[in-house]
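So the structure is just underneath, and the comments pick up after that.
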Amino acid sequence: MNTKKLLYIETFGCQMNDRDSEIMRQLLAATHDVTDSMHGADAIIVNTCSIRDKAEQKAYSLLGALRKRKRENPGLIIAAAGCVAQQEGAKMLSRMPHVDLVVGPQNIYRLPELFARAGEQGKGIVATDSAETFHIPPFLPVLRQGSPYKRFVTIMQGCNNFCTYCIVPFTRGREISRRAEDVVAEVHHLAAGGVKEVTLLGQNVNSYGNDQPPGARTGFASLLRQVAAINGIERVRFTTSNPKDLSEELMQCFADLDKLCPHFHLPVQSGSNAILKRMNRRYTIELYLDKVEKLRGYRPEIALTTDIIVGFPGETANDFQATLDLVEMVRYHSAFSFKYSSRPPAQSCQFDDSVSREEKESRLAVLQERLTQITLARNSEYIGRRLELMVEGESKAADGQWSGRSGTNHIVNFPSHDILVPGQLVQVVIREACLHSLRGELIEEEAGSKESGEWRTTSGSCPCAR
Ligand code: SAH
Ligand code: SF4
Ligand code: F3S
């Protein structure tokens with residue numbers, strides 16, 4: 001008889017949190033099976049994000065809603081993890097006394113012991129100690145859980161940059177790189193289990209290794225080369241990078257490594273040098289544009305995406321116009337854009353020349369409209385072009401419809417009557433473009449046709465267009 005308890009995890013925030021949730025699942029696997037419904041769970045972990053005020057509110061509102069569940073089932077264990085947990089610590093327990101455990105990102109490795117204590121103790125536990133000397137322990141993922149073909153691999157944690165708007169250095173601590181051997185061993189292990197694609201994660205992967213002593217240091221470009229050389233791995237991605245640290249060596253990887261996907265998420269935040277300076281981003285728009293041009297030189301088909309903040313304190317109409325001008329110049333394949341949110345203790349909270357809520361909203365609407373048009377135009381440029389896709393699965397919407405992801409990170413839908421395997425690589429020619437996806441036809445390869453460029457397609461039309 002299965003005596004294991006049921007665990008439900010709700011994850012907010014970035015891929016770091018996704019990966020941490022996977023780790024938590026694995027750490028608790030001896031005592032808990034995972035359920036995808038909160039109803040009937042014996043333990044609930046809310047893995048929180050505090051990047052913007054709204055994200056924090058979402059976490060609190062879910063945790064608040066669990067109060068009733070705890071009253072009905074006093075044996076239920078409720079844990080808050082992630083960035084809000086780290087930031088709030090004991091304060092969270094006074095606000096939410098029904099929470100049993102508050103655990104920060106560096107402490108998740110203690111979860112089995114913390115869970116056992118939380119069950120017995122009957123009063124809240126706070127595990128948010130954070131050490132400058134903390135090391136992510138070597139940790140081999142179990143392959144039964146999670147995607148069988150693509151995985152995240154955390155290569156470092158924390159951030160030293162202190163962009164003035166950002167909470168991350170306060171929640172995730174200083175930059176600590178994992179040992180290159182540990183990262184490579186983890187990817188070998190994944191590849192041996194059939195994983196085809198890995199995404200290397202860090203808040204600023206470009207500064208990977210900088211916390212190691214010179215001489216014993218592996219830089220990010222060198223780590224990428226080691227990972228790409230692993231047999232069985234077909235695609236390598238990474239995220240994210242601060243443009244100030246984007247080196248020529250890393251750009252060269254885009255020319256040399258076929259497995260490195262032609263997609264670069266390069267958050268710009270603002271098109272105005274005055275604002276970038278006040279954000280402490282430590283690059284100018286001229287330098288940024290120069291790097292964009294060079295990247296395109298190294299890999300002409302590279303798709304660029306970005307993050308933009310509007311309404312940073314002191315942002316004038318001219319500064320905002322500079323952001324609009326920048327998006328015209330770069331023509332991003334897609335972009336995330338946000339209203340500035342004040343995040344104490346981040347430094348910009350003390351900047352007093354705030355932009356009104358209405359102004360922020362109207363700037364965001366103007367920017368998003370333009371970004372949408374550019375994404376559509378960019379997507380249309382793929383019509384008639386051939387792309388290689390990694391099959392993600394059969395579409396839930398329609399029979400015989402499949403979905404895959406291109407190296408450029410586009411979702412492409414296509415019809416196929418064959419049974420395809422998630423993780424398999426297929427070739428398509430793009431026929432239609434929508435805002436969030438492309439529509440393609442499978443190419444049936446003739447022998448030797450890849451070089452000669454001869455291919456035949458099967459037909460279909462875009463469901464988004466109907
Ligand atoms: N490490 C990444 C950013 C991670 S946070 C980098 O430096 O590029 C993801 C995005 O959230 C940021 O790029 C930024 O656009 C946005 N963001 C961060 N703090 C914010 C704040 N206080 N208000 C609004 N958006 C914010
Ligand atoms: Fe935040 Fe800046 Fe670090 Fe990115 S680089 S996590 S925006 S402080
Ligand atoms: Fe959010 Fe923390 Fe990630 S604040 S974006 S979960 S690093």
Side-chain angles (χ1 to χ4, degrees), residues 10-21 46-59 80-88 104-106 108 128 130 152 154-176 200-208 210 238-246 264-271 275-276 278-283 288 304-313 315 323 332 335-351 354-355 357 360-361 363-364 367 371:
E10 180 80 34
T11 309
F12 297 102
C14 63
Q15 291 102 329
M16 304 278 222
N17 263 13
D18 287 332
R19 175 70 190 121
D20 284 353
S21 287
V46 183
N47 197 4
T48 61
C49 169
S50 76
I51 198 79
R52 284 169 290 278
D53 187 44
K54 224 178 179 176
E56 181 174 336
Q57 279 170 21
K58 263 197 218 160
C83 288
V84 181
Q86 180 65 37
Q87 191 192 323
E88 296 284 279
Q106 289 190 6
I108 56 173
T128 51
S130 130
F152 293 130
T154 301
I155 63 164
M156 60 197 296
Q157 66 134 41
C159 184
N160 292 351
N161 287 323
F162 288 92
C163 301
T164 55
Y165 51 81
C166 187
I167 193 83
V168 172
F170 301 94
T171 62
R172 297 258 169 183
R174 294 296 70 71
E175 273 170 20
I176 298 168
L200 307 183
L201 295 180
Q203 287 298 351
N204 183 19
V205 292
N206 296 341
S207 57
Y208 174 81
N210 288 356
F238 59 83
T239 196
T240 35
S241 2
N242 186 315
K244 77 179 166 62
D245 298 315
L246 167 51
F264 207 121
H265 186 66
L266 197 58
V268 67
Q269 314 300 358
S270 167
I275 296 294
L276 287 174
R278 287 157 59 80
M279 287 177 162
N280 192 31
R281 289 293 283 179
R282 288 181 277 168
Y283 52 83
Y288 183 90
L304 291 178
T305 58
T306 201
D307 294 341
I308 297 174
I309 297 176
V310 300
F312 185 79
E315 186 189 71
T323 298
Y332 291 103
F336 296 107
S337 47
F338 312 100
K339 276 181 284 182
Y340 168 75
S341 166
S342 176
R343 305 304 289 137
Q347 206 193 337
S348 61
C349 301
Q350 293 152 23
F351 300 174
S354 63
V355 176
R357 190 158 60 87
K360 276 190 212 158
E361 265 157 23
R363 285 181 192 173
L364 187 67
L367 176 65
L371 288 170

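Remember, it's 1-based here, ligands and their atoms both numbered in the order they're listed.
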Main-chain N/O of [Y] paired to [X] side chain as donor or acceptor, under 3.5 Å:
X: S241; Y: N206; value: no
X: R172; Y: G82; value: no
X: N161; Y: R281; value: no
X: T164; Y: R278; value: yes
X: R363; Y: G311; value: no
X: Q157; Y: I176; value: no
X: Y288; Y: L266; value: yes
X: S341; Y: D53; value: yes
X: Y283; Y: V268; value: yes

*When you look for protein heavy atoms under 4.0 Å from ligand 1, which residues do they belong to?*
I51, R52, Y165, Q203, T240, P267, Q269, R281, D307, I309, F338, K339, Y340, S341, R343
*Salt bridge or not for E315 and K360, using N-O below 4.0 Å?*
no
_Quick check on contacts: which atoms of ligand 3 are under 4.0 angstrom from a heavy atom of S50?_
1 (Fe), 4 (S)
*Got a sec: does the NZ of K244 have more than 12 other heavy atoms crowding it under 6.0 Å?*
yes
_Does F162, at its CZ atom, have more than 12 non-hydrogen atoms belonging to other residues, nucleotides or ligands within less than 6.0 Å?_
yes
_Residue list, salt bridge (charged side-chain N to carboxylate O under 4.0 Å, His left out) with E10, at least two apart or on another chain_ = none
*With 2.8 Å as the limit, jot down which protein N, O or S atoms are around atom 1 (Fe) of ligand 2.*
C166 SG
*Give the total of protein N/O/S atoms at a distance below 2.8 Å from atom 3 (Fe) of ligand 3.*
1
*Just by distance, with hydrogens left out, do D20 and N47 show a side-chain donor and acceptor under 3.5 Å apart?*
no
*Touching ligand 2 at all, R281? Heavy atoms, strictly under 4.0 Å?*
yes
